[in-house]
Amino acid sequence: MPTKISKETLPMTATELRDAILKHIEYSQGKDLVHASLYDMRMALTLAIRDRVIEPWFRATRATYAAQSKRVYYLSMEFLIGRLLEDAILNTGLTEAAREAVAGLGFDFDTVLADEPDAALGNGGLGRLAACFLDSMSTLGCPAYGYGIRYEHGLFRQSFGPDGRQVETAEDWLRQKHGWEFERPEASFNIGFGGSVAETGRSAVWTPDDAVIAKAYDTPIIGWQGKWANTLRLWGAEPLTAFDLAAFNKGDFAGAAAPEALARTISRVLYPDDTTDQGKELRLKQEFFFTAASIRDILRRFSAEHNDLAALPSKVAIQMNDTHPAIAGPELVRLLADERGMAFEQAVDTARACLGYTNHTLMPEALERWPEKLMTQVLPRHMQIIERIDELHAKAHPKRKVSIVEGGEVKMGELSFIMANKVNGVSALHSELVKDTVFAELNKLHPGRIVNETNGVTPRRWVKGANPRLSALITDTIGEGWEDNLERLVELEPAIAEQGFRDRFAAIKAENKRDLTAWIEREMGISVNPDAMFDVQIKRFHEYKRQHLNILETIALWQEIRANPKGNWAPRVKIFGGKAAPGYVMAKEIIHLINNVARVINSDKSTRDLLTVVYPANYNVTMAERLIPASDLSEQISTAGKEASGTGNMKFSLNGALTIGTLDGANVEIRELVGAENFFLFGMTADEVVKRRETPDHAARAIKASPRLSAALEMIESGAFSNGDKTTYSDLAQNLRSHDYFTVCADFDSYWDAQRRVDQAWADPDNWTRMAAINTARTGWFSSDRTIKGYMADIWKIDPMI
Ligand SMILES: *Cc1c(COP(=O)(O)O)cnc(C)c1O
């Protein structure tokens, strides 16, 4: 492809950027500089940078059209993109120019960056993965669209009440104009629900009795060094008829606005996963809403260039991020068969040849199922199509033991599997477990369909942007160009033997920790010892992630320090971060407990130098970027067999934190790469967990065998963390004592022992630094560029355009 370098992509000087910002302050914000607020400055900088992104964006689009290239469509209910400004400045190479230009206009650059709301359009790892993938697809020149929902309110904002309980309020990221997006009123589709189906011979006509408009909002996603840019297209819901004037004129003002409010509900909030019954119908409608709009958009784009629908799979690869867009299969079949006259079986085969499905969980309760009744009511034609797909599959595999519709429910995992040509797990261990457990039967029927693509994270955001000091050291040591070739980090390894390198590595960690210490002091009013080990667990709250294992160990440690104050304890700051789904009672109890343990322990002057617990509220991408570069110890302590991959674990290793973890998800691969001697392993394996669970009193036995665990549990039950009230945590404690599904008790002693090995390692700071640097040097494989190259080769069959 000829890459014409035009004026717009040449590097910009600080003066040119300053002029561009000034122009936007005047002509976009309508202010003169003396009256410009922080918001005006941030918007003007955003628009000036966005202008720089337009040219490569257009160029990429034109090149894709000219080559009639295959395109990737990444369908995801969540895109946890966080802030975009700093990332775009980084990718366009304008960091220095922007810092200078903004300073020249009388504003502090970091303050301007911090003014951007964190777009929390996702819950956690699954949504962040989609965002890292967007970055990598643009960096690699893979022609791609991300498709999702433009939630008016992303994930809720978390705060803590005076009693330490989680309080949820609506996130308001769209209250201010979203500077990155382009509204596309011309790209809109009517999305119907309900109604009836008329069978006319071979095909069927679906007449919905309700509909909303899906309107597109496009955000350009620029890759590293601005060589390529793709589009994130998010759909917002709007009413067909905006306003009921007749009702209004009769004085029924609320009634007049009702249709609009109802339609907009569809893109109003992001459902926290893990909650069950709440808003089931709305959730199903959300899934259909964005999937159907995306599929129609994909077909429209294809038909603008090609006539032969049989060629669809050679031009279109649709990736379903989890089962949320699983209705893509039936919807594509419906459009091909009912609306374009393709024979049903051919439509099914064509759709399958376009579709890939990424599985993210082995937990049966997290695999979506929809009541057949609800599906028939909301999507009557799709229900018929699903039944026919089921019949076809049964005919082809008469001995099969699985079906999509079973016991009055539609199983979206099975539907996704049957309608995809490739199904992938997200770490080596997870993909094997997918074959052996959730999809064992289907794997036998379709050998080779399940493949593995171990997750990754973008090094631009998670190293270059989040950790500029470490990035400078890397560049000084191995030269430029590692940002899009992260496996080059192995070239750091010889330098680790040098004292000078290790000293600099240690000094960088220390500086990052001082920055975090100042932030904790400012935000929380807690002063922590910056020389203590920063021991960090940040992720969604879930029993399988076992934050309660960590807090139990914290209580036991506190007791032991009190009993033996002169022991060889490594001073620690235990840092927690994360939200619990609003309907997940047990996870919220764990949050409540952690906050109260922190209150009690932090007020104990006798242990204060050795142990502090901090839990800043409202964990999000921005907070992760702040905490990870300042971490010494990464807590990846899930029950083995439960964490599909994890991506937080990768961010920590890359930034030179050591991991204490189980053999779960990508921990297994991290440990293989960094070496067992540079990883603190504990706990049962996935197989052992399954076996142990069969022992009916496994928890009681473990408690009996562990005086420390026993004492920690009793302390919780005594009311020590609940102002003497013995009942506050009785559900939580009882849960552990009785069935303890996530084997917290059975793994406790092993975890305790591993933590004491951590203490010992901490006692030799230079060796700790050596191990930490080895983690950085050996984990370049976890770049999401490597992951995307895998998807392109194994699943999408698409070549890069640059
Ligand atoms: C990386 C990331 C996650 C995923 O963390 P895990 O530890 O893998 O669960 C969740 N939330 C945010 C904000 C992240 O940046």
Side-chain angles (χ1 to χ4, degrees), residues 76 78-84 86-87 117-136 154-158 171 173 270 272-274 321-322 360-361 363 366 426-427 429-430 454-463 465-467 535-547 549-550 575-581 587 616-629 631 633-639 642-655 657 659-662 664-670 779 782-784 787:
S76 180
E78 304 183 11
F79 287 92
L80 192 50
I81 50 182
R83 289 176 178 156
L84 295 178
E86 185 183 2
D87 215 46
D118 180 295
L121 309 183
N123 279 292
L126 176 150
R128 185 53 231 174
L129 184 75
C132 284
F133 279 6
L134 289 177
D135 182 278
S136 282
L155 185 59
F156 65 88
R157 179 183 290 273
Q158 178 196 54
E171 184 62 71
W173 75 295
L270 162 70
D273 56 1
D274 307 319
N321 192 25
D322 212 330
H360 283 276
T361 179
M363 291 192 289
V426 289
S427 71
L429 174 69
H430 170 66
T454 299
N455 283 168
V457 299
T458 168
R460 272 75 64 186
R461 183 179 288 264
W462 294 109
V463 183
N467 202 341
D535 168 349
V536 183
Q537 186 172 21
I538 45 174
K539 47 185 77 241
R540 275 184 304 124
F541 268 71
H542 198 289
E543 286 164 281
Y544 87 76
K545 292 179 182 277
R546 300 201 294 193
Q547 283 91 353
L549 176 58
N550 190 345
I575 302 176
F576 292 85
K579 302 175 184 178
N618 203 38
Y619 174 58
N620 58 15
V621 172
T622 303
M623 195 191 288
E625 290 166 357
R626 193 188 301 283
L627 292 184
I628 291 169
S631 299
L633 186 67
S634 159
E635 298 270 354
Q636 307 299 337
I637 60 176
S638 53
T639 313
K642 291 294 174 193
E643 186 74 88
S645 163
T647 50
N649 47 6
M650 302 167 187
K651 300 168 197 164
F652 279 102
S653 287
L654 279 166
N655 282 283
T659 303
I660 182 167
T662 48
D664 202 16
N667 293 355
V668 177
E669 287 151 276
I670 291 177
T779 45
F782 291 105
S783 166
S784 46
T787 313

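Just so you know, ligand 1 is whichever comes first in the structure, and atom 1 is the first atom listed for that ligand. Keep in mind the model is a prediction, meaning the values are calculated, not measured. FYI, the numbering just counts along the sequence from 1.
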If only atom types and distance count, is the side chain of [X] paired as donor or acceptor with the main-chain N or O of [Y] below 3.5 Å?
{"X": "Gln547", "Y": "Arg540", "result": "yes"}
{"X": "Ser631", "Y": "Val536", "result": "no"}
{"X": "Ser427", "Y": "His430", "result": "yes"}

(message) Just verifying a value: how many Å separate Ser638 OG and Leu549 CG, rounded to the nearest 0.5 Å?
(response) 10.5 Å
(request) Nearest 0.5 Å please: distance from the OG1 atom of Thr659 over to the CG atom of Leu633. (result) 7.5 Å
To the nearest 0.1 Å, how far is [atom] from its closest protein heavy atom, and which atom is that?
{"atom": "atom 12 (C) of ligand 1", "result": "Tyr619 OH, 3.4 Å"}
{"atom": "atom 5 (O) of ligand 1", "result": "Gly648 N, 3.7 Å"}
{"atom": "atom 9 (O) of ligand 1", "result": "Lys545 NZ, 2.8 Å"}
{"atom": "atom 15 (O) of ligand 1", "result": "Lys651 NZ, 2.7 Å"}

(message) Under a 3.5 Å threshold, yes or no: a donor from one side chain and an acceptor from the other, between Tyr619 and Gln158?
(response) no
(message) Can you confirm whether the side chains of Lys545 and Gln636 place a donor and an acceptor under 3.5 Å from each other?
(response) no
Proximal atoms of ligand 1 relative to [X] (non-hydrogen, under 4.0 Å):
{"X": "Gly124", "result": "10 (C), 11 (N)"}
{"X": "Lys539", "result": "6 (P), 7 (O), 9 (O)"}
{"X": "Thr647", "result": "1 (C), 4 (C), 8 (O)"}
{"X": "Gly646", "result": "8 (O)"}
{"X": "Val621", "result": "13 (C)"}
{"X": "Trp462", "result": "15 (O)"}

(request) Please test Leu429 against Asp664 for side chain to side chain contact (heavy atoms under 4.5 Å, CB included), starting from the C-alpha separation and ending with a verdict. (result) CA-CA 7 Å; Leu429 174 69; Asp664 202 16; 4.1 Å; yes
(request) Among Asn655, Thr622, Ile538, find the residue that satisfies the side-chain contact (heavy atoms from CB on, under 4.5 Å) test when tested with Leu627. (result) Ile538
(request) Heavy-atom distances under 4.0 Å are what count here, so tell me which part of Asn649 touches ligand 1: side chain, backbone, both or neither. (result) neither
(request) Would you mind telling me if ligand 1 is within reach of the side chain of Met623, the backbone, both or neither, using heavy atoms under 4.0 Å? (result) neither
(request) Report yes or no: does a heavy atom of Arg540 sit under 4.0 Å from some atom of ligand 1? (result) no
